[in-house]
Amino acid sequence: MVSLARKNLLKDLPRFLVAQAGIMFAVSLVTIQTGILKGFTRSTTLLIDSSAADIWVASENIVNFELTEPFPYVQVQRAQQIEGVALAEALTIGSGRWYSDGKLTTLRVFGFDPNGQLFRPGKVSDTAIKALNAPYSALIDRTNQRSFRIDGVGDMARIRQLPVMVVGFARDTQSLVSSKFVFTSLVNANAYISSGFSSGLTCQLGNGDITCVNAYQRDEDTGNAEVVDPESLNSDSPVTYILVKAAPGEDVQLLKQRIESSLSGTKTFTKNELINTTQSYWQNRTGIGFILGLGAIVGVLVGMVVVAQILYTSVSENLREFGTLKAMGASDWDIYSVILEQSLWMAVLGYLPGLLLCWSVGTWTAATQGIVVLITPISAVGVFGITVVMCVGSAVFAIQKVTRVDPGIVFKA
Amino acid sequence: MVAIAAQNIQMSFMSGTTETKVLKGIDLAIPSGQIRLMMGPSGSGKTTLLSILAGILTPTAGQVQLLGQEITTLSRKELTGFRRDHIGFIFQSFNLFPALTALENIELALQLKGYKGPGNKEQAFDLLKQVGLGDRANNLPADLSGGQKQRVAIARALAGEPELIMADEPTAALDSATGHDVIELMQYLAKNKGCTVLIITHDPRITDAADEITYLEDGILAKQSSLVSGFH
């Protein structure tokens with residue numbers, strides 16, 4: 001089959017390349033913006049995703065994964081007693097400050113049971129996790145190594161006034177919207193979070209509800225005082241989540257209800273529910289989703305303008321050809337299909353290098369900056385769909401122009 | 001049998017509030033298989049008449065029958081289909097598609113006429129060979145001389161074996177010898193394939209190729225003369 005569309009498109013190679021560069025730009029903008037949005041929203045729930053828990057028990061005031069209130073450790077012990085619960089483990093989250101080489105970095109401390117089964121900070125070796133049983137030891141995400149000024153395993157730094165030794169590195173943990181993550185044991189985390197502060201959690205049971213008040217008081221700087229091992233957790237120690245593994249054959253929804261009725265002031269989530277709640281918060285309740293979406297829309301508009309301009313110019317320059325086609329008996333659809341085929345070729349030939357470029361950029365940013373530009377097969381297909389719609393939509397002006405061509409034009413010398 | 005017939009063709013164009021009558025009641029009958037030349041000075045209405053006879057323009061008044069079909073009552077879509085199925089065109093400026101090779105120009109015409117099989121290329125090549133350009137099949141129009149381009153255009157017009165060929169000044173852009181060659185070729189192929197040919201021209205060098213000549217002046221038929229061509 002002779003393709004007039006393809007031949008016309010490649011007739012003027014420099015102009016074709018300029019057009020393709022424009023489409024590539026649009027494809028890249030859309031892919032990177034949506035990729036960053038997806039990568040960023042996914043990054044906020046990486047830790048939930050990598051856990052083996054069936055149910056996450058949180059405070060009833062939870063807003064998202066990192067924005068919630070603590071409850072006393074005794075609730076973990078109570079959860080373990082609930083029928084249908086095979087395993088219950090605590091996870092605690094708090095803030096802190098990392099000092100290394102005299103530089104300060106804010107951080108988010110995650111405390112979990114290194115001997116437990118339900119929480120695992122991304123991709124990390126078992127040896128590194130077991131090493132967290134040592135006092136004042138921690139794991140950091142590999143992408144934060146430079147920010148924390150850590151050269152390798154065994155390096156020392158300070159969290160608030162307490163020492164910390166890096167015993168390993170994790171991968172695929174860091175949220176793009178959070179402070180730098182540090183993973184350690186529950187007892188270490190409790191020490192780091194309350195370091196520099198004295199805390200007291202006071203809970204009162206009344207009318208079946210537990211009301212807890214966690215009071216902090218800043219301690220005086222201990223200077224070079226000898227560091228003692230962190231204290232074990234007690235019933236009042238604050239924890240942020242209870243991770244629950246359901247007994248085999250247990251209905252998770254029923255177990256959720258049972259836990260909520262047994263542990264007052266709590267709200268339960270399945271893994272997917274907590275992921276959705278957190279991602280939805282970042283996408284909808286912050287301006288981030290809007291801003292990145294706006295960037296993607298600008299990309300589509302730029303692409304449409306470029307393609308429309310190229311197709312319109314191409315049609316204008318080939319009016320006599322279209323007139324000839326009409327005189328020869330080409331139907332309107334024959335004519336439109338030439339323009340639509342041109343726009344589809346532009347879409348395909350702009351999309352492929354554009355996606356390749358984004359994939360390369362994404363690989364580079366993930367490796368060097370820890371910023372994931374997430375391009376999934378579904379999003380790649382979605383962006384292709386947008387590119388096709390963009391290019392075909394841009395053909396409307398060219399089609400309008402060619403519709404008005406008088407076939408009598410062919411008889412003019 | 002009459003291949004092209006027209007009765008009382010009138011055509012007016014409005015320019016602002018001024019009406020210009022281009023054709024003032026043309027009656028015409030061209031028998032099947034005839035080569036008819038339509039001659040006349042510039043502005044006499046030749047091209048307008050050709051456009052009407054080809055179903056590209058609708059006359060202000062009058063009827064046109066092509067191959068026995070009244071075309072002035074056809075819809076735009078039906079007219080497009082009629083042109084595709086029954087008429088081959090040859091233009092003064094060749095109107096070849098510059099991005100397509102000589103062979104592809106003919107293939108495209110075949111495609112439009114519904115020939116989409118694998119034999120398309122062979123058929124197009126056969127037509128090129130008939131116009132003596134078998135060795136130029138893969139050349140782009142820009143690489144062909146004026147005479148060669150018009151030969152490709154003739155081959156394209158013959159694609160799908162239309163019953164009618166309509167040519168608008170086919171020799172105007174060619175030198176005398178080339179123009180004569182082209183007309184000889186048109187005459188030979190038309191007679192060979194039984195086409196009726198209507199040629200608009202004011203080139204006196206090609207009158208000997210026609211069976212009959214119609215003269216048009218100021219929108220009316222001035223005279224008609226029959227010839228016995230030496231090429232028959």
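First the proteins, then the strands, lettered A, B, ... as listed; each starts at 1.
The residue among B:K121, B:M166, B:R156 with the most heavy atom pairs within less than 4.5 Å of chain A is B:R156. Here B:P98 is the residue among B:G55, B:P162, B:P98, B:A54 with the most heavy-atom pairs under 4.5 Å with chain A. When each of A:N8, A:D332, A:D334 is scored by its heavy-atom pairs under 4.5 Å with chain B, the top score falls to A:D332.
Heavy-atom neighbours of chain A within the stretch residues 65-89 of chain B, taken at a separation under 4.5 angstrom, comprise B:R76, B:T80, B:R83, B:R84, B:F89.
Contact annotation for B:L108: both backbone and side-chain heavy atoms come within less than 4.5 Å of a heavy atom of chain A. Within the 4.5 angstrom heavy-atom criterion, only side-chain atoms of A:K11, from C-beta onward, approach chain B. Contacts of B:A109 with chain A are made by both backbone and side-chain atoms, with heavy-atom separations under 4.5 Å.
No hydrogens or angles considered: nothing links the side chains of B:D203 and B:T201 as a donor-acceptor pair under 3.5 Å. If you check the side chains of A:T44 and A:Q279, you find no donor sitting under 3.5 Å from an acceptor.
No side-chain donor-acceptor contact under 3.5 Å links B:S12 to the backbone of B:E19. Panel note: side chain B:T101, backbone B:N138; no donor-acceptor pair is recorded below 3.5 Å. Under a 3.5 Å cut-off, the side chain of A:D172 and the backbone N or O of A:K123 do not form any donor-acceptor pair.
Taking the six-membered ring where the residue is Trp, the centroids of A:Y351 and A:F384 are separated by under 6.0 Å.
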Worked check of side-chain contact (heavy atoms from CB on, under 4.5 Å) between B:I165 and B:T196: CA-CA 6 Å; B:I165 300 280; B:T196 305; over 6 Å; no
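Closest of all the heavy-atom pairs between A:V402 and A:K326 is O-NZ, 3.3 Å.
Inter-residue side-chain proximity for A:Q20 and A:P353 is flagged as unmet; no heavy-atom pair is nearer than 4.5 Å.
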